[in-house]
Amino acid sequence: MIIDGKQIAQQIRQELREEVAAAVAQGKRAPRLGIVIVGHNPASETYVANKMKACAEVGIDAQRIALEETISEAELLREVERLNHDASIDGFIVQLPLPAHICEHTITSAIDYRKDVDGLTPENVGRTAQGLPSIVSATPRGIRELLARYNIPTDGQHVVVIGRSNIVGKPMASLLMQKHERGNATVTLCHSHTKHLKEICLTADIIIVAVGHPGLLTADMVREGATVIDVGINRVPDPNSPKGYRLCGDVDFEQVAPKCAFITPVPGGVGQMTIASLLQNTLQVYGYIR
Ligand code: BQF
């Protein structure tokens, strides 16, 4: 069965729209999200546009803060400080990746953890790892939501996560191993130095692939009846597409899908949920849900 991320994300946006409307009807101002974008990376511009559009749909007031490619790290840090202290901003993100002359760790660590809707500060990462209330990075939160809404259990299941990024692989593994009904998984974290990747994958009930390598997961690596979650968003050249490229995931979808109990498509899978969960995180810091 193909998981419909677009539909679930739409459903979440509808729920959030009602939450925002209820808060505003009680006299609260609308939630406000800051989105900092540095430079003109075309993929980043698309992602930011997706976030702005989703915010508009649910009634979140999104403020786009566009900064020059040439901004220094010190100047960007000052912008982060300004947003930390701006009481009219509930939460903000700094769109990644940043230009090479700026250290991502330095910038994300400077964000006030209470406004850190990407869940990247040491405070939120540590609290997530310890199973404490925290802001969870949007993609892992979205994947957990997708599994929950499709009633795909993780309790006692062997979940293989491929990819060790700070934004997906590590927090995903961290969530799934928690002592919790929506966790309780046996987690194996694989990466570029893993030996016997195929053999490990063949023992998985759920495989989550987040490496950014088109076609990495092939049919011979997947057990019949497994669930496959494809986090890859890769642009591949396609002369037949108006944009000159199309999106594909990290999974060889055509070959893998027939073996799966559930599989997420690209586009229309995890990417949609990443945006929906950023909105959930924004409502969380706004103090209406939680
Ligand atoms: C879809 C991202 C890599 C690096 C930085 C919907 C998005 C993508 C695809 C989107 C992503 C990927 C985002 C689809 C945000 C997900 O329908 O398949 C939405 O906008 N994403 C990002 O902000 O930074 C990234 C991937």
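Model, not experiment: these values are computed from the prediction. Counting starts at 1 for both ligands and their atoms, in listed order. The figures here come from the full heavy-atom set of this structure, side chains too, leaving out hydrogens, waters and symmetry mates.
- Using modelled atom types, one finds no donor on one side chain facing an acceptor on the other under 3.5 Å when comparing Gln10 with Gln14.
- Note: an N/O pair closer than 3.5 Å links Gln272 and ligand 1 by distance alone.
- Atoms of ligand 1 lying under 4.0 Å from at least one heavy atom of Lys51, given by number and element, are 22 (C), 23 (O).
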With a cut-off of 3.5 Å and sequence neighbours excluded, list every side-chain donor-acceptor pair involving residues 156-166.
| residue | atom | partner | partner atom | Å |
| --- | --- | --- | --- | --- |
| His158 | ND1 | Thr203 | O | 3.0 |
| His158 | ND1 | Thr203 | OG1 | 3.2 |
| His158 | NE2 | Thr188 | OG1 | 2.7 |
| Arg164 | NH2 | His191 | ND1 | 3.4 |
| Arg164 | NH2 | Ser192 | OG | 3.3 |
| Ser165 | OG | Val168 | N | 3.0 |
| Ser165 | OG | Gly169 | N | 3.4 |
| Asn166 | OD1 | Lys170 | NZ | 2.8 |

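- Of all non-hydrogen atoms in Asp90 and Lys115, the two that sit nearest each other are O-CG, 3.4 Å.
- Using a 4.0 angstrom heavy-atom cutoff, Gln95 counts as in contact with ligand 1.
- Looking from atom 9 (C) of ligand 1 to the surrounding protein, the closest heavy atom is Ile233 CD1, 3.5 Å.
- Results of the side chain to side chain contact (heavy atoms under 4.5 Å, CB included) test with Thr274 over Ile143, Thr139, Asn50 single out Thr139 as the only residue that passes.
- Of all protein heavy atoms, the one lying nearest to atom 16 (C) of ligand 1 is Gly271 CA, 4.0 Å.
- Of all protein heavy atoms, the one lying nearest to atom 1 (C) of ligand 1 is Gly268 N, 3.4 Å.
- With hydrogens left out, the protein atom closest to atom 22 (C) of ligand 1 is Tyr47 CD1, 3.3 Å, a heavy atom.
- Taking CD1 from Ile206 and SG from Cys260, the interatomic distance works out to 11.5 Å, rounded to the nearest 0.5 Å.
- Looking at atom 7 (C) of ligand 1, its nearest protein heavy atom turns out to be Asn50 ND2, 3.7 Å.
- Separation of atoms CG (Leu202) and CD1 (Ile207) is listed at 7.5 Å; rounding is to 0.5 Å.
- By the criterion of a heavy-atom distance under 4.0 Å, the side chain of Ile275, and not its backbone, is placed next to ligand 1.
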Can you check side-chain contact (heavy atoms from CB on, under 4.5 Å) on Phe253 and Val266, steps first, answer last?
-> CA-CA 9 Å; Phe253 187 88; Val266 177; over 6 Å; no
